[in-house]
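A quick write-up on the structure given underneath.
Residue numbers start from 1 in every chain, and the chains themselves are labelled A, B, ... in the order their sequence lines are given, proteins ahead of strands. Every value quoted in this text rests on a predicted model; they were computed, and no experiment measured them.
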Amino acid sequence: MGWVYVNEISNYDGKEVTLKGWLYNKRSSGKIWFLIFRDGTGFIQCVVSRSDTDEKTFQLYDELGQESSIIVHGIVHQDRRAPGGYEVIVKKIDVVQAVHDYPIALKEHGIDFLMDHRHLWLRSPKQVAILRIRHTVIKACRDFFDSHGFILADTPIFTPTACEGTTTLFETDYFGRKAYLTQSGQLYSEATAAALGKVYCFGPTFRAEKSKTRRHLTEFWMVEPEVAYYDLDDNMKLAEEFVSYVVQTVLKERKKELEVLERDISLLEKVEPPFPRITYSEAVEILKENGIDFEWGNDFGGADETVISNQFEKPVMIHRFPAKVKAFYMKRDPENEELALGVDVLAPEGYGEIIGGGQREENYEILRKRIKEFGLSEEVFKWYLDLRKFGSVPHSGFGMGVERAVAWICGLKHIRETIPFPRTIYRLEP
RNA sequence: UCCGGCGUAGCUCAAUAGGCAGAGCGGGUGGCUGUUAACCACUAGGUUGUAGGUUCGAGUCCUACCGCCGGAGCCA
């Protein structure tokens with residue numbers, strides 16, 4: 001029998017197979033030894049005993065250290081004693097590379113050491129589970145929009161100026177002039193939405209803010225839908241359906257991985273529309289009821305978000321923020337000029353903001369005024385203002401931080417494990 | 001940038017009140033035919049982040065610097 005992967009091993013009970021992968025761990029009991037084999041699709045115990053294998057293979061115990069690359073030939077065998085229910089009775093092992101000094105032992109390690117060895121840490125079961133879930137989250141995002149009539153329209157990474165003029169951007173030399181790495185594709189998506197109706201962009205995003213918290217990376221991925229003729233309510237409906245679809249897809253397709261992560265999925269199972277909707281003012285009331293001294297008009301901090309989201313089992317949507325804490329392009333509430341038609345979605349369990357979005361200002365003169373008020377250059381936003389000059393329509397959208405969503409779904413304390421190679425303020429390697 | 005914490009063997013951590021630098025894991029050697037981060041015995045492994053200072057004596061106290069971690073602000 002030919003090469004098979006661990007995740008399809010149950011189809012080969014009693015058959016002879018070949019597995020290609022790596023040695024995860026080994027245990028010896030003298031005349032019998034066990035190796036835990038991994039190939040990227042799963043882990044399986046293999047049994048090497050004098051009675052079933054040749055002497056040369058049996059002697060390999062001493063040669064093979066953790067993460068040696070090996071090809072195992074043996075017979076698949078259902079056995080209750082094996083983790084996973086199946087094991088392989090080894091007939092022969094081909095050594096691709098014997099390793100003796102793998103740095104990551106099977107025990108607890110400090111985060112600094114693990115991050116220095118991120119390229120190897122990725123091989124451990126929890127990291128593999130997280131990256132599989134990340135894959136499913138990303139695929140679910142795309143499937144959702146693709147099946148709802150959205151067109152993927154990529155937005156540029158190099159931008160001539162700050163999109164919102166608020167955060168610090170990474171500056172690069174662009175053939176002698178300054179260019180910045182994008183902090184959001186939104187403004188460009190507004191242009192593609194006017195061309196295609198319903199669009200989304202999905203790409204890396206960069207923030208040079210010196211944020212040092214478990215919720216921040218300097219490089220992260222965002223998925224940002226934008227829809228022409230959507231108002232704030234349409235937008236919120238889209239957001240709750242979208243988030244629910246992503247969570248339910250992970251629950252359906254990644255049960256094993258969530259078990260590896262020991263994630264309590266009872267709250268995730270409740271993530272279905274409708275989500276609770278509260279106004280900013282109602283959120284402020286919640287804070288006051290919980291004894292927090294909070295002044296109307298400020299933006300919520302991380303601790304505030306946790307208190308608010310703890311009032312709900314599902315993600316909560318907070319809308320109608322004070323306009324002055326939101327970006328210049330936010331449309332004002334016709335019923336109260338002080339409020340912006342923005343919405344944030346806070347994940348439960350203290351995971352904080354996973355989505356920010358809102359309805360955009362579509363009026364040419366008002367938007368021009370806002371650009372001035374925010375001290376931005378009208379020249380730079382000339383193209384953006386054009387969108388309000390030629391067939392302007394109400395439109396809305398939002399952005400979801402992929403890593404924050406993955407951290408929440410996986411139940412991770414820190415966002416850095418949700419991306420293969422995290423970039424934080426003081427870490428550029430590996 | 002600000003505030004706080006940490007830095008001891010390859011790794012995770014101990015080390016009374018300033019008084020002989022230690023354990024587990026990993027490595028090495030030997031033992032064991034059903035192990036589950038296997039176990040048992042033995043063994044090697046150290047410029048205590050760096051530079052100064054206080055002291056008879058500093059891993060421990062003081063100063064500066066470096067590195068990392070967390071939080072604030074900002075945000076997804």
Side-chain angles (χ1 to χ4, degrees), chain A residues 24-36 43-53 58 61-62 65-67 77 79-84 87 89 99-117 120-121 124-125 163-169 182-186 203-224 298-305 325-327 342 344-347 351-357 398-408 413-416 418-419 424-427:
Chain A
Y24 175 67
N25 194 16
K26 60 176 181 178
R27 290 182 277 274
S28 168
S29 184
K31 301 290 190 298
I32 184 171
W33 58 280
F34 303 89
L35 62 95
I36 308 298
F43 295 74
I44 189 166
Q45 171 163 287
C46 304
V47 185
V48 187
S49 70
R50 279 233 146 84
S51 47
D52 296 303
T53 190
F58 189 83
Y61 184 83
D62 293 326
Q66 223 184 314
E67 289 304 319
H77 173 64
D79 193 306
R80 232 186 268 162
R81 291 169 294 187
E87 61 185 18
I89 308 299
V99 173
H100 297 283
D101 46 7
Y102 188 67
I104 306 180
L106 297 177
K107 51 167 294 193
E108 284 189 28
H109 295 278
I111 191 62
D112 189 31
F113 175 81
L114 289 173
M115 290 304 297
D116 282 344
H117 295 85
L120 302 175
W121 183 27
S124 64
C163 284
E164 306 180 9
T166 50
T167 48
T168 317
L169 304 187
T182 183
Q183 62 166 341
S184 164
Q186 182 209 312
T205 308
F206 308 88
R207 304 276 166 92
E209 288 290 333
K210 296 198 169 180
S211 300
K212 281 176 58 70
T213 83
R214 68 185 63 191
R215 301 188 308 280
H216 289 87
L217 297 172
T218 55
E219 176 184 312
F220 62 98
W221 288 68
M222 267 215 293
V223 53
E224 299 173 274
N298 292 334
D299 210 348
F300 301 124
D304 302 323
E305 290 182 348
V325 303
K326 290 291 177 186
D344 284 357
V345 179
L346 305 186
Y351 279 94
E353 185 182 348
I354 53 167
I355 280 181
F398 61 83
M400 184 181 81
V402 169
E403 288 74 17
R404 284 191 182 176
V406 173
W408 162 49
K413 276 187 291 192
H414 202 297
I415 196 173
R416 67 186 151 217
T418 65
I419 186 167
T424 58
I425 168 169
Y426 292 130
R427 189 173 287 279

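- Distance noted for atom C1' between rA14(B) and rG4(B): 24 Å (whole Å).
- Taking the P atom of each, rA23(B) and rG45(B) are spaced 13 Å apart, rounded to whole Å.
- With Trp33(A) contributing its side chain and Phe58(A) its backbone, the two residues share a donor-acceptor pair below 3.5 Å.
- Between Met115(A) atom CE and rG70(B) atom P the separation is 9 Å, expressed in whole Å.
- Side chain His109(A) to base rC11(B): no donor-acceptor pair is found below 3.5 Å.
- Glu108(A) contributes no side-chain N or O that forms a donor-acceptor pair with the base of rG24(B) under 3.5 Å.
- Scanning atom types as modelled, one donor and one acceptor separated by under 3.5 angstrom connect the side chain of Arg404(A) and the base of rC75(B).
- Base pairing of rG4(B) is made with rC69(B), judged by Watson-Crick or G-U wobble geometry with both donor-acceptor distances under 3.5 Å.
- Residue contacts for Ser28(A): at a heavy-atom cut-off of 4.0 Å it reaches a base atom on one of the strands shown.
- In this structure, the aromatic ring of Phe220(A) is positioned over the six-membered ring of the base of rA76(B), centres within 5.5 Å and planes within 30°.
- We find that CD1 of Ile111(A) is positioned 12 Å from C1' of rG70(B), with the value rounded to whole Å.
- The same atom, P, is picked in rU35(B) and in rG59(B); the two are 46 Å apart, to the nearest Å.
- Using atom C1' as the reference point in both rC56(B) and rG71(B), the two lie 43 Å apart (nearest Å).
- Phe220(A) places none of its side-chain heavy atoms less than 4.5 Å from the side chain of Ile419(A).
- To the nearest angstrom, C1' of rC69(B) lies 12 Å from NZ of Lys413(A).
- Contact annotation: Lys107(A) does not reach the phosphate of rC11(B) (side-chain N/O to OP1 or OP2, under 4.0 Å).
- Under 3.5 Å, the side chain of Ser29(A) and the base of rC39(B) form no donor-acceptor pair of N or O atoms.
- For the C1' atom pair drawn from rG19(B) and rU55(B), the interatomic distance equals 12 Å after rounding to whole Å.
- Distance His216(A) NE2 to rA72(B) C1': 11 Å, rounded to the nearest Å.
- Using a 4.0 Å heavy-atom distance criterion, Arg416(A) is classed as a sugar-phosphate-only contact.
- Under the 3.5 Å distance criterion, with hydrogens and angles disregarded, no donor-acceptor pair is assigned to the side chains of Thr213(A) and Ser211(A).
- Rounded to a whole angstrom, the distance from the P atom of rU1(B) to that of rG18(B) is 35 Å.
- When rounded to the nearest whole Å, the span between CZ of Phe113(A) and C1' of rG26(B) equals 10 Å.
- Between His109(A) and Phe113(A), the ring planes are parallel. Angles under 30° get that label, and only those over 60° would be called perpendicular.
- Between Tyr61(A) atom OH and rU29(B) atom P there is a gap of 12 Å when expressed in whole angstrom units.
- Straight-line distance from the CG atom of Asp344(A) to the P atom of rA76(B): 7 Å, rounded to whole Å.
- Using a 4.0 Å heavy-atom distance criterion, Arg214(A) is classed as a sugar-phosphate-only contact.
- Of all nucleotides listed (rG73(B), rG34(B), rC68(B)), rG34(B) comes nearest to the side chain of Asp79(A).
- With contacts defined as side-chain heavy-atom distances shorter than 4.5 Å, the pair Ser124(A)/Ile104(A) does not qualify.
- Between the side chain of Lys31(A) and the base of rC32(B) there is no donor-acceptor pair of N/O atoms closer than 3.5 Å.
- Heavy atoms of Ile415(A) sit under 4.0 angstrom from at least one base atom.
- Taking atom C1' in both rU54(B) and rA64(B), the straight-line distance is 15 Å, to the nearest Å.
- In this structure, the side chain of Arg215(A) does not engage the main chain of Arg404(A) through any donor-acceptor pair within 3.5 Å.
- Across all strands, Pro103(A) comes closer than 4.0 Å to no nucleic acid atom at all (heavy-atom distances).
- Taking the C1' atom of each, rC13(B) and rG26(B) are spaced 14 Å apart, rounded to whole Å.
- Contact of the Arg427(A) side chain with the Asp116(A) side chain is registered, since non-hydrogen atoms from C-beta on lie closer than 4.5 Å.
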